[in-house]
> 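Dropping the structure in here first, questions after.
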Amino acid sequence: MSEQERIMNVALLWGGCFCLTAAFCLSMGNDHNREKRNWLLWMELSAAALLCCDAAAWFVQGTPGEASHLIMVATNVVVYAGLYLVLFLFNHYVGCYLREDGRLCAPKRSRTVDITCAVGIGLVFVSQFSPLFYYIDAQNIYHRSDTFPLSMVLLLIGMGTETTMMAQFYQKLTMGRRIAMFGCMVLPLSVAACQVFQDDISLISLSVGASMILLFVVVTSAQNRELAVSERTKEQIRQRLEIATMLNSCVGKLNSDTDIDVGINNLLATVNDYFQADRTYVFEIDPDRDVLINTFESICGQEVSAQMDNLQEVPVSVIEVWMQNFRQGRSYYMSDLEQERGQPSYEMLKAQQVWRLLAVPLMKGGAMVGFLGVDNPRAHYDDATLLASIQFFVTNSLDRKKQQAYLEKLSYRDMLTGLYNRNRYIERLEAYKQVQDQQIGAIYIDLNGLKKVNDEQGHRAGDELIVRAAGTIAGIFAEDAYRVGGDEFVVILLDVSREEFARKTEQLRRQMQLELKRLQREMNITFIYVTHDQEEALTMSDTVVVMNGGPMRTCTGKRSATTARPMPPGNRKADRPARTKKREIRQRYSISLTLCHSRVNDFHLN
């Protein structure tokens, strides 16, 4: 065997082994399209048999003996028939791609290729009984017959038809498959034409082997890419399903309680678990002061410290880099604390031990009203889809909370004075029924002459009088004062010492005296102080203080909790209107005090 023949045999055997390995790999795969995989598998097996038999034929050629002759005959049958068989299998493999609605795009040409391959295989078997394509002499040497070109013509017809079919419908093939499939046709097609004139080298067998190797490599690469895309798609679908499920859970948590604060906290706890984060929080922007206010926070376990109290009124400028993203409706992701180095936020985040952060803006009407964020997320931190999805619900809840607070203000606040109104007053009285062992101070204030002011100067002047009086009261008793009527105010102080109560009432007297002296108006004030000591309770005040812009005069009942200043006898008659007013007050606001076992069981004003 010459050196050229040895090299050719090694190439043929190597190609056969590669095709066998490719067939084995295809048989082990389960993720590829089953029909395509089966056609390609049989193609690789056929090519492997063709290459190995061609190598065996060259090895035994010229070797005398019956066994060598049988091997020579059998291997040549396999080589010639294998060429047509590979073309037949390739035709059906390509047909898997060239389909529309399950039907083959060019059925006539595909059948033409099948018929050509069937005729070629039939003629190969005929050649075993007559020298149609080749013959083997007594020295066991292969010879071509004069009609050998017919075998190549049949191959050229089949491959040419297949090529025209692929050229017409090449759009259905990816770029990699186009190159591989056209290579599988063009290379053997060119070699088949040359093989007519060259018989000392198995060019066509080598070209088939090279084509099968190229096809397997390209198809496997394409398959891996498709599988990777498929896996990514599956993962994306899984993530979207998980996000959708979590979103439903978040919305459910948000609506799990009538109290909006509780609902938002429940939602943040769910989000915190999803991201496996240390903290999940909501910041709202105060545009008037240009500061951030941490209004809600959920933390993970006791080992994580709460930061909400430390993050009140944070200047917006501290997170200016974040704000640039937020204003454009984009999320902000900090993968590492060093990303913030040199920014004002660096020291703040370092103090809180935040090393990773994900936040999305809270938008309302195209304007940013705050942001929702998670600190140190350990899962899903590279995907802000969930946060971006729930930001609408959080923003809506914050808006509802503000509306609820405004409605509550309308319900419990007097719009003219800003003090609590009669609704709040009655609600507080009901709550005070449960109060025990506490000292209570109460003040009743009535403006005199409001109707006269309204009649003579108009309601605007009357409103101004009420607002000035209410402002003086609110300056001392901001959250304990109530406007219970047009010109009537009540102050109730719970758990207040006698000294503190006396100090505040004296402060109210002085300020009211100055205000009324300037306005030249009068005001009646009743002071009541109750303790849980029964003996001291008997000294509750029946005092009505009359102030008219002049010297303050105090009218007392039998016993008083305040020190009454002596009044000239000549003024007693002038004080009768005040005494009459006092009786009216007691009729309209009767005060029931039940003292038992040194505690106040009931304090009720009707």
> Side-chain contact test, heavy atoms from C-beta onward, threshold under 4.5 Å: evaluate it for Ile264 versus Leu398 and give yes or no.
yes
> Do Arg428 and Tyr482 meet the criterion of a side-chain donor-acceptor pair at a distance under 3.5 Å?
yes
> For residues 386-396, which residue pairs pass the salt bridge (Lys or Arg N to Asp or Glu O under 4.0 Å) check, not counting sequence neighbours?
none
> Tell me whether the centres of the aromatic rings in Tyr420 and Tyr412 are closer together than 6.0 Å.
no
> List the atom pairs, donor and acceptor, that lie under 3.5 Å between side-chain atoms in residues 351-363 and the rest of the protein, sequence neighbours left out.
residue: Gln352; atom: NE2; partner: Met348; partner atom: O; Å: 3.4
residue: Trp355; atom: NE1; partner: Asn376; partner atom: OD1; Å: 3.4
residue: Arg356; atom: NH1; partner: Pro377; partner atom: O; Å: 2.8

> Kindly indicate, with the supporting measurements, whether the criterion side chain to side chain contact (heavy atoms under 4.5 Å, CB included) is fulfilled by Phe501 and Val491.
CA-CA 11 Å; Phe501 182 70; Val491 176; over 6 Å; no
> Enter the distance from Cys300:SG to Asp278:CG here, rounded to the nearest 0.5 Å.
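Spacing of SG (Cys300) from CG (Asp278) equals 6.5 Å.
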> Got a salt bridge between Glu464 and Arg468, using NZ or NE/NH1/NH2 to carboxylate O under 4.0 Å?
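Judged by the 4.0 Å cut-off on N to carboxylate O distance, Glu464 and Arg468 do form a salt bridge.
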> Once you round to the nearest 0.5 Å, how far does CD of Glu488 lie from CG of Asp446?
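Taking CD in Glu488 and CG in Asp446, the distance rounds to 5.5 Å.
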> Atom CE of residue position Met415 - does it have more than 12 heavy atoms of other residues, nucleotides or ligands inside 6.0 Å?
yes
> I'd like to check Glu506 versus Arg510 (side-chain heavy atoms, cut-off strictly below 4.5 Å). Are they in contact?
yes
> Rounded to the nearest 0.5 Å, how far apart are CD1 of Ile426 and CG of Asn421?
9.0 Å
> Which residue in the set Thr295, Asp375, Asn294 passes side chain to side chain donor-acceptor pair (under 3.5 Å) when paired with Tyr281?
Asp375
> Taking only residues two or more places apart in sequence or in another chain, which ones pass ring-ring contact (aromatic ring centres under 6.0 Å, His included) with Tyr274?
His380
> Please list all pairs passing the salt bridge (Lys or Arg N to Asp or Glu O under 4.0 Å) test where one or both residues lie in residues 281-296, with sequence neighbours left out.
Glu284-Lys402, Asp286-Arg289, Arg289-Glu313
> Are any side-chain N or O atoms of Asn423 and backbone N or O atoms of Ser411, one a donor and one an acceptor, separated by less than 3.5 Å?
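Checking the backbone N and O of Ser411 against the side chain of Asn423, a donor-acceptor pair under 3.5 Å is found.
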> Is the shortest distance from a Lys or Arg side-chain nitrogen in Glu500 or Lys504 to a carboxylate oxygen in the other one below 4.0 Å?
yes
> Is Arg327 salt-bridged to Glu320, cutoff N-O under 4.0 Å?
yes
> State, without any angle test, whether Asp414 and Thr417 hold a side-chain donor-acceptor pair at a distance under 3.5 Å.
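Side-chain D/A pair, Asp414 to Thr417: present.
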> Using the ring-ring contact (aromatic ring centres under 6.0 Å, His included) criterion, which residues pair with Tyr381? Sequence neighbours excluded.
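Tyr381 satisfies ring-ring contact (aromatic ring centres under 6.0 Å, His included) with no other residue.
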> So how far is it from Leu311 CG to Leu292 CG, rounded to the nearest 0.5 Å?
9.5 Å
> Would the distance check show the side chain of Asn224 and the main-chain N or O of Thr220 forming a donor-acceptor pair, the cut-off being under 3.5 Å?
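Yes: the side chain of Asn224 pairs with the backbone of Thr220.
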> Listing request: all salt bridge (Lys or Arg N to Asp or Glu O under 4.0 Å) pairs with a residue in residues 341-354, at least two apart in sequence or in separate chains.
Glu338-Arg341
> Give the ring-plane orientation class for Tyr332 versus Phe326, where under 30° counts as parallel, over 60° as perpendicular and anything between as tilted.
perpendicular
> Side chain of Arg503, backbone of Thr505: donor and acceptor closer than 3.5 Å?
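Side chain of Arg503 to backbone of Thr505: no pair is present.
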> Hey, does Ile445 have a side-chain heavy atom less than 4.5 Å from the side chain of Ile443?
yes
> Mind checking the CD1-CG spacing from Ile260 to Asp399? Nearest 0.5 Å is all I need.
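Reported value, rounded in 0.5 Å steps: 9.5 Å.
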> Taking it one step at a time, do Phe275 and Leu387 satisfy side chain to side chain contact (heavy atoms under 4.5 Å, CB included)?
CA-CA 10 Å; Phe275 284 99; Leu387 291 184; 3.9 Å; yes
> Step by step, work out the side chain to side chain contact (heavy atoms under 4.5 Å, CB included) result for Leu514 and Thr472.
CA-CA 10 Å; Leu514 293 174; Thr472 303; over 6 Å; no
> Nearest 0.5 Å, please: how far is CG in Asn454 from CG in Asp487?
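Nearest 0.5 Å value for the CG-CG distance: 9.5 Å.
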